[in-house]
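What follows is a set of notes on a single structure, which appears directly below.
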Number of protein chains: 2
Amino acid sequence: MEDEATARAVRDRFGYLLKLARERLAALIAARLEPFGVNGREVAVLSVLAEGKPPSQLEAAQRLAIDRTTMVALLDALERRGLVERRADPADRRRNIVVLTTAGHETLIGAARATDEAEEAFLAPISIRDRARLRRMLQALISGSDEGAGR
Amino acid sequence: MEDEATARAVRDRFGYLLKLARERLAALIAARLEPFGVNGREVAVLSVLAEGKPPSQLEAAQRLAIDRTTMVALLDALERRGLVERRADPADRRRNIVVLTTAGHETLIGAARATDEAEEAFLAPISIRDRARLRRMLQALISGSDEGAGR
DNA sequence: TATTGTTATACTCTATAACTATA
DNA sequence: TATAGTTATAGAGTATAACAATA
């Protein structure tokens, strides 16, 4: 029985570690993304639109685990800058198919590379082998829940 | 050269993995903390107050990597519920030393245990050995920056 | 002059509820 | 009846600027 039995150091908690890790990565990404005029979430949206066949707004939101109402504002901003276009789905006119414009594709190329560099800088303190381990562990921790279908 | 050279899957990015991991842990903690009437951040504050000698508001904020203006509202809420007390520092009357009340200490005991259980549930998908690895990796990634002094 | 705590304010990210148009 | 997109709204969490008290 220790003196501080109840007071496990906050710095050892995973909540704290995950918070700081994410903040550090976000800062690195933000710095490298600045020249492209998009933020990390917007790059994620552009990436999703480039993966496989163009999704509807709802599908895009689900792939990113964000709310569909959040996606509306996100796409408004991207469309205003001419990076994406909404097109009514002929097969189901309730849906908007979202596609990258040429400008959007070009922005994605540069921004994706910048994000890769930021991740590289983030991961620099650990070995290549540990980076793969870390990715696998995080994936295992995430799929422990039934996320993905969720939101 | 692949077809999707620019579109590295969003799900493979560490930003996405860290976001979802943190969300899952937060949900597990929130569920187990409900009976104690405190949230995760408040438990973190109580923990910091119990570690070593009682800190000032600013010191408590720095140890948690949160802003001192955020700490004001956090302590207001905890003090209103009788879990902490602010005491003017006799040595420097600009500072408030923040201490746990008896009720605060009792809440911390139960809430810290509940948080431990939530972390255990969160980490269940990976081996004990990997949990230690994960903690070490995250700590290495965090200290790659000059956090801690920051804010 | 600088620092601690405080207040006011605002911004980001997120979620809920209710509406519309389609199905 | 149910779904996709939208709007309005609100709630966390955070940060900035400016102020009072104190150093």
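Small disclaimer: the values here were computed from a predicted structure and weren't measured. Throughout, a chain's letter reflects where its sequence line sits, starting with A, and its residues are numbered from 1.
A salt bridge does not link A:Glu120 with A:Arg113: none of the charged nitrogens is closer than 4.0 Å to a carboxylate oxygen.
The distance from atom CD1 of A:Ile97 to atom CG of A:Asp89, rounded to the nearest 0.5 Å, is 4.0 Å.
Remark on DNA chain C: of its neighbouring residues A:Thr70 and A:Asp89, the 5'-side contact belongs to A:Thr70, judged by nearest-heavy-atom nucleotide. Judged by closest nucleotide on DNA chain C, B:Val98 is the one of B:Val98 and A:Ala91 placed further toward the 5' end.
Proximity of A:Val45 to A:Val84: side-chain heavy atoms (C-beta onward) are nowhere separated by under 4.5 Å. Here the side chains of B:Gln62 and B:Leu58 are in contact, with some heavy-atom distance below 4.5 Å. Using a 4.5 Å heavy-atom cutoff, the side chains of A:Asp116 and B:Arg13 are in contact.
Dashed line: the shortest gap from a side-chain N or O of B:Arg93 to OP1 or OP2 of D:dA21 is not under 4.0 Å. Under 4.0 angstrom from either OP1 or OP2 of D:dG13 there lies at least one side-chain N or O belonging to B:Arg41. Note on A:Asn96: a side-chain N or O is less than 4.0 Å away from OP1 or OP2 of D:dT6. Between B:Arg86 and the phosphate of C:dT6, there is a side-chain N or O to OP1/OP2 separation shorter than 4.0 Å.
Put simply, the side chain of B:Thr69 and the base of C:dT7 share no donor and acceptor less than 3.5 Å apart. Not a single donor-acceptor pair, N or O on each side, falls under 3.5 Å between the base of C:dG5 and the side chain of B:Arg94. Remark: the B:Arg95 side chain and the C:dT4 base include no donor-acceptor N/O pair separated by less than 3.5 Å.
Rounded to whole Å, atom C1' of C:dT4 lies 11 Å from atom CD of B:Glu59. With rounding to whole Å, A:Arg87 atom CZ is found 19 Å from D:dA4 atom C1'. Taking atom CZ on B:Arg22 and atom P on D:dA12, their separation rounds to 16 Å, with Å as the unit. Spacing between atom CG of A:Leu74 and atom C1' of C:dT12 amounts to 12 Å, rounded to whole angstrom units. In this structure, the CG atom of B:Asp67 is 15 Å from the P atom of C:dT7, given to the nearest Å. In this structure, CG of A:Asn39 is placed 16 Å from P of C:dC11, rounded to the nearest angstrom. Following rounding to the nearest Å, B:Gln57 (CD) and D:dT22 (P) show an atom-to-atom distance of 15 Å. The nearest whole Å value for the distance from the CD1 atom in B:Ile97 to the P atom in C:dT4 is 11 Å.
For A:Arg68, the side-chain atoms get nearest to D:dT6 when compared with the rest of D:dT6, C:dT14, C:dC13. Counting only heavy atoms from C-beta on, B:Ile66 has its side chain closest to D:dT14 among D:dG13, D:dT14, D:dT7.
Note on A:Asp92: only backbone sugar-phosphate atoms sit closer than 4.0 angstrom, heavy atoms only; bases stay farther off.
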